[in-house]
Asks: 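Take a look at this one; I'll ask things after.
Counting convention: from 1, in listed order, for ligands and their atoms alike. By convention here, the first residue in the shown sequence is residue 1.
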Amino acid sequence: MFDAVIIGAGACGLMCAVQAGYLGKKVIILEKNEEPGAKILISGGGRCNYTNLFSTSANFISQNEHFCKSAFSQWTVEDTISFFETYGISGKEKTLGQLFPEGNKAKDIVEVFTQLCEQLGQQILMQSEVKTIDKDADGSFTIQYEQRGKLKTVRSATVVIASGGLPIQKLGATDFGLKVAKKFGLNIINTAPALVPLTVTGKDADWFASLSGNSIFCRVSNDRISFEENILFTHWGLSGPAILQISSYWRPGESIELNLLPKQNILELIEQERKQNGKKTLLNLLSQLYTRKIADALAKYLPTEKNLSSLNKNDLQLIEQQIHYFKVKPAGDKGYDRAEVMRGGVDTNELSSKTLESKKVKGLYFGGECVDVTGWLGGYNFQWAWASGYVIANSL
Ligand code: FDA
């Protein structure tokens, strides 16, 4: 009999298996894919942004913003860094605290886990898709899984659901964690794609499409939060880091606001330029601030052909409005196929914040993305996956 059966060889399940192994506990991981760590392998463009130096609970979305604090105090960013350093992977900060393996690739991160599992005698059964989990009269669980067409069962007093969220089905994503939670009577917080590009349709769609491939450093805001990073225009709307970040806070029907010049004031710039060269056109000034393509496109909204000296009060108001308060009403998002994470999931009220065990069902644990704890873009989601795997392992 194993100390636990872990469902899913992703970031959370692998960390849980290794940490349990350090404590002398035997676990088995059941994974439906042919290889472990599918999402780790493709993350960060194949380089895996595995944590963030500035990670705090404020970088996570949850109905209970305090829930993740306990896990993050048990397993810190420093713990992540030193864990990987121990196995030869040192971190390099790319931007905004985002840590990537220096000189290494995402596959090296996965190899740390597969090698440790082997050394510690933790089994990973690949091509093993868990179908059902039942609680038996004696309180233990019977887990039924399909391995290469054959149905098999395994029993354990403890089950760890580390089966991830809904994004990217072709990488193995399933709603299994949500189904198990529902089956055992646990509440689910509504799920939706997060860290996902936003689409624009209607009268402005052609304008956005015409700028496809261009990016601008922006402040993107709604009434809850704002992010300063690049946005990217695409054929169907908006992407880029600032858009992915705000998408996690966006709800259908709402508008977002783009400040296209967050570090400067356009009216002050015009005033200064007027003094030196009033004959300069607004288009020329905008071309100094943006790519020519974007400056040209702004002609749809602004009197770009006018000289700076001839801009009147109404023109200036319009310019300020469009440059600093550019409103966009996204039509929707690009869905789970293009999302980096799922928002929502197993209600944190159902789980102990110290151990991540279900309060209702003894021996049933949930970790990683299937829990209602969603990180920002930038290594935060892996930090949650590692921390939750660690916390569960300690409690097995
Ligand atoms: P994860 O999805 O990693 O693992 C779950 C596993 O369970 C999968 O292997 C799946 O096959 C398996 N499974 C599901 N159902 C099963 C069943 N019924 N039976 C058996 N196995 C089953 N985050 C970050 O911090 N930095 C980054 O750079 C990136 N980059 C990134 C890029 C892209 C394109 C995506 C889609 C996502 C990211 N992320 C990220 C997010 C990050 O990948 C994600 O938050 C973690 O992988 C979640 O870890 P989990 O272990 O919870 O699930």
Asks: Using 30° and 60° as the class boundaries, would you call the ring planes of Phe60 and Phe72 parallel, tilted or perpendicular?
Replies: tilted
Asks: Could you find the nearest protein heavy atom to atom 29 (C) of ligand 1 and give me its residue, atom name and distance?
Replies: Ser43 CB, 3.6 Å
Asks: Less than 4.0 Å is my threshold; does some heavy atom of Gly389 fall inside it relative to ligand 1?
Replies: no
Asks: Taking heavy atoms and a distance under 4.0 Å, where does Ile7 meet ligand 1: side chain, backbone, both or neither?
Replies: side chain
Asks: What is the nearest protein non-hydrogen atom to atom 9 (O) of ligand 1, stated with its residue, atom name and distance?
Replies: Glu31 OE1, 2.6 Å
Asks: Within ligand 1, which atoms have a heavy atom of Asn381 less than 4.0 Å away?
Replies: 23 (N), 25 (O), 45 (O)
Asks: Classify the ring geometry of Tyr87 against Phe83: parallel below 30°, tilted from 30° to 60°, perpendicular beyond 60°.
Replies: perpendicular
Asks: Centres of the Phe54 and Trp376 rings: under 6.0 Å?
Replies: no
Asks: With the threshold set at under 4.0 angstrom, would you say Gly379 reaches ligand 1 through any of its heavy atoms?
Replies: yes
Asks: Using non-hydrogen atoms of the residue, decide whether Ala339 is closer than 4.0 angstrom to ligand 1.
Replies: yes
Asks: Identify the closest protein heavy atom to atom 38 (C) of ligand 1: which residue and atom is it, and at what distance?
Replies: Glu340 OE1, 3.7 Å
Asks: Can you name the one residue among Ser358, Ser353, Ser352 that meets side-chain hydrogen bond (donor to acceptor under 3.5 Å, both in side chains) with Thr355?
Replies: Ser352
Asks: Test of understanding: given a 4.0 Å heavy-atom threshold, classify the contact between Cys370 and ligand 1 as side chain, backbone, both, or neither.
Replies: neither
Asks: Quick one: which ligand 1 atoms are inside 4.0 Å of a heavy atom on Cys12?
Replies: 51 (O)
Asks: I'd like to know whether ligand 1 has Ala38 as a neighbour, heavy-atom separation below 4.0 Å.
Replies: no
Asks: Could you tell me the separation between the NZ atom of Lys354 and the OG atom of Ser70, rounded to the nearest 0.5 Å?
Replies: 6.5 Å
Asks: Can you classify the ring geometry of Phe233 versus Trp207 as parallel (below 30°), tilted (30 to 60°) or perpendicular (above 60°)?
Replies: perpendicular
